[in-house]
Amino acid sequence: MSARRIYVDQTHIRGHVTGIERVARDLFAPDLLAPHDVRFVRSRGLPGMLAAQQIGLPWKGLTDRDALVVLPGFPPGPLCAALGERCILYVHDIFLLTRPQDLSWKSRLYMAPSFALATRYVRRFLVNSRTTGRDLRRICRQDALVALLRPAVGDVFGLANLPDRRRAPAPGEPLRLLALGTIEPRKNYPAAIAIVAALNRMGVPAELHLVGRVGWGRHAFLDAPPSFLTCHGYVDDAGLRRLVESSHLLLSTSKAEGLGLPLLEVQHGGLPVAAPVGPVFEEVLGESGLYLDPDDPERAARAVAAWLREGRLAAAAQAARRNVAAWNTEAARDATRFRDFLVRGTAAYAEGGAVATT
C-alpha cells in the first residue's frame with residue numbers, strides 16, 4: 001500500500017500540555033510517519049472539540065475513503081463506527097470503566113459512555129503498555145487488533161545532565177519526596193501524605209513536594225495541609241528540573257495507571273521511584289523501582305527508611321537511567337512495527353507484536 005492520509009485528533013490539546021497530550025502529539029508526528037500525509041485536527045474551545053469528535057472526524061473519514069482516523073486522546077463518537085478498520089483508538093488506560101468513583105462529572109457523562117461504546121465497535125486499538133492491552137482485551141470485541149505502541153519517553157524537563165549519584169540526606173536534612181500529577185482522587189495523595197507522616201513519626205525528617213494543578217474532587221488536605229507538605233501547583237519545565245534536582249525520591253501512590261509517564265520521565269535525571277505494587281508499575285519500572293503498599297503507610301515508610309539506611313540511592317539512580325533507556329529501545333521497536341502496519345496492515349503484527357489475545 002502506498003502513502004496514505006492520516007487524520008489525528010488533537011482537539012483536546014489546549015493550554016498546558018501534559019503527559020497524554022504529549023503522547024498524542026509526539027507518537028503521530030508527521031516527521032515520524034513520513035511519507036504518510038498526517039493531518040492534525042484541532043479545535044477552539046469545548047463546543048468545537050465536541051463537534052469535531054462527534055461529526056468532523058467521522059465526516060473526514062467517510063469522505064476520504066482511504067484515510068485513517070486516529071484518536072489518541074478522547075474516545076471516538078458513534079459515527080466513527082462507519083469507518084470500520086480505518087478508525088484507530090489509542091488507549092491509555094481503562095479506568096473510565098473500572099473506576100467510575102474517581103472520575104470527574106464530565107468524564108462520567110461524556111468520556112466513559114463513549115469509551116464503553118467504542119470497545120464494542122472499534123476493531124483497531126493501540127495501547128501504551130502490555131498491562132493496558134491485557135485489560136482492554138478483556139472488554140473489547142474478540143476480533144479487534146490490540147497492538148503495542150509504547151511512547152518514547154523524552155527528556156522533556158532537561159534532566160539528563162543532573163549528577164549520576166544521589167546522596168542520602170545529611171544529618172538534620174529532610175528526605176525530600178516528590179509527587180507529580182493532577183490533584184484528583186485517582187492519584188491517591190492522602191496515601192502519600194500518610195507515608196510521609198509515618199516517616200516523620202519514626203524519626204526520619206521528611207517533606208512532600210506535590211506538583212500538579214488542582215483537578216476535580218474534594219481534597220481535605222488542601223484545606224489544612226500538614227507542615228511537611230508543599231503544594232507547588234503547575235510548574236514550568238525549569239521549575240520541575242529544580243525540584244527533581246533537590247529531591248531524593250519520586251513517590252507515586254496512584255490507584256490506577258495505564259502507564260505512569262512521569263515515573264519514566266524523571267528517570268532521565270536518575271531520580272529513584274517508589275510506586276505501588278501492581279502489574280503496570282512493575283512493567284514500567286522493572287528492577288529500578290521500590291514497590292510499596294500505599295494502604296499500609298507504616299510499612300511503606302519502613303521500606304523507604306530501610307532503602308536509605310542501606311545506601312541504595314546511588315544504585316537506584318543508575319538503575320533509573322538504565323530503565324528509561326531500555327523502555328525507549330522497546331518503544332522504538334513498537335514505532336517501527338506501527339509504520340509497517342500502515343503499509344502492510346495486521347500482517348505487521350504476525351510475529352508477536354500484538355498484545356496477547358487472551
Side-chain angles (χ1 to χ4, degrees), residues 6-14 20-21 23-24 27-28 40-43 45-65 67-129 131-149 184-186 216 255-259 280 341 345-346 354-358:
I6 305 171
Y7 295 103
V8 179
D9 179 20
Q10 288 198 348
T11 57
H12 59 296
I13 299 181
R14 292 185 301 276
I20 288 180
E21 285 82 6
V23 169
L27 267 181
F28 306 101
F40 293 135
V41 179
R42 299 186 172 96
S43 68
L46 182 60
M49 182 190 76
L50 296 177
Q53 290 172 359
Q54 297 297 318
I55 300 173
L57 281 161
W59 178 253
K60 288 180 183 297
L62 289 171
T63 56
D64 192 345
R65 294 186 176 276
L68 299 176
V69 174
V70 178
L71 301 110
F74 279 46
L79 292 179
C80 280
L83 303 181
E85 295 179 357
R86 295 188 295 120
C87 175
I88 301 176
L89 177 58
Y90 191 93
V91 178
H92 300 267
D93 50 59
I94 68 164
F95 70 79
L96 283 169
L97 302 183
T98 58
R99 301 200 65 83
Q101 70 275 19
D102 290 336
L103 300 179
S104 68
W105 67 267
K106 294 179 182 178
S107 294
R108 288 196 299 269
L109 290 178
Y110 180 67
M111 292 184 67
S114 296
F115 183 57
L117 181 61
T119 61
R120 296 167 56 187
Y121 71 78
V122 172
R123 302 178 190 176
R124 300 290 181 260
F125 293 97
L126 302 170
V127 293
N128 60 354
S129 68
T131 301
T132 300
R134 287 191 295 268
D135 291 343
L136 177 63
R137 175 52 71 192
R138 289 195 290 267
I139 61 173
C140 72
R141 51 187 293 162
Q142 291 186 350
D143 63 346
L145 172 74
V146 179
L148 273 170
L149 185 56
E184 47 101 342
R186 181 172 53 95
W216 56 95
K255 298 174 184 176
E257 295 286 350
L259 176 62
V280 70
F341 164 79
T346 56
V355 173
T357 56
T358 58

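Note that the numbering runs from 1 along the sequence shown for the chain. If you're wondering where the values come from, they're calculated on a predicted model, not measured in any experiment.
For the pair V146 and C140, the minimum side-chain heavy-atom distance is below 4.5 Å. Between P72 and V8 the shortest side-chain heavy-atom distance falls below 4.5 Å. Two residues are said to be in side-chain contact when any heavy atoms from C-beta on lie closer than 4.5 Å; L103 and L96 meet this criterion. Residues I94 and I139 meet the side-chain proximity criterion, which asks for heavy atoms closer than 4.5 Å. Between T132 and L259 there is no side-chain heavy-atom pair separated by less than 4.5 Å.
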* To do: Go through the steps for S104 and E184 under the test side-chain hydrogen bond (donor to acceptor under 3.5 Å, both in side chains), then give the verdict.
  => CA-CA 9 Å; S104 68; E184 47 101 342; over 6 Å; no
* Is there a side chain to side chain contact (heavy atoms under 4.5 Å, CB included) between L145 and F341 once you walk through the steps? -> CA-CA 11 Å; L145 172 74; F341 164 79; 4.0 Å; yes
* Should D9 and V69 be marked as a side chain to side chain contact (heavy atoms under 4.5 Å, CB included) after you check the CA-CA gap, both sets of side-chain angles, and the distance that decides it? -> CA-CA 8 Å; D9 179 20; V69 174; over 6 Å; no
* Derivation and outcome, side chain to side chain contact (heavy atoms under 4.5 Å, CB included), residues L148 and V127 -> CA-CA 5 Å; L148 273 170; V127 293; 4.2 Å; yes
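The side chain to side chain donor-acceptor pair (under 3.5 Å) analysis of residues 113-127, with sequence neighbours excluded, yields the pairs E85-R124. Counting only residues at least two apart or on different chains, the salt bridge (Lys or Arg N to Asp or Glu O under 4.0 Å) pairs with a member in residues 52-65 are R5-D64. Under the salt bridge (Lys or Arg N to Asp or Glu O under 4.0 Å) criterion, the residue pairs touching residues 95-107 are R99-D102, D102-K255, with sequence neighbours excluded.
Nearest heavy atom pair, residue L97 against residue A116, reads CD2-CB, 3.8 Å. Between R42 and T11, the shortest heavy-atom distance links the atoms C-CG2, 4.0 Å. Of all heavy-atom pairs between F125 and A118, the closest is CZ-O, 3.9 Å. The shortest heavy-atom contact between P78 and L117 is CB-CD2, 3.7 Å. Summarising the geometry of R137 relative to Q142, their closest heavy-atom pair is NH1-O, 3.4 Å, with the distance given to 0.1 Å. Of all heavy-atom pairs between C87 and V122, the closest is O-CG1, 4.0 Å.
Atom CH2 of W216 is separated from atom CZ of R108 by 10.5 Å, given to the nearest 0.5 angstrom. Interatomic distance, CG of D93 versus CG of D135, reported as 9.5 Å (0.5 Å rounding). Once rounded to the nearest 0.5 Å, the distance linking CG of L62 with SG of C80 reads 8.0 Å. Atom CZ of F74 sits about 11.0 Å away from atom CD of Q54, to the nearest 0.5 Å. In this structure, the separation between CG on L27 and CG on L126 is 8.5 Å, given to the nearest 0.5 Å. Here the straight-line distance linking atom CG of L57 with atom CG of L83 works out to 9.0 Å at 0.5 Å rounding.
Taking the six-membered ring for Trp and thresholds of 30 and 60 degrees, F28 and Y90 have ring planes more than 60 degrees apart, a perpendicular arrangement.
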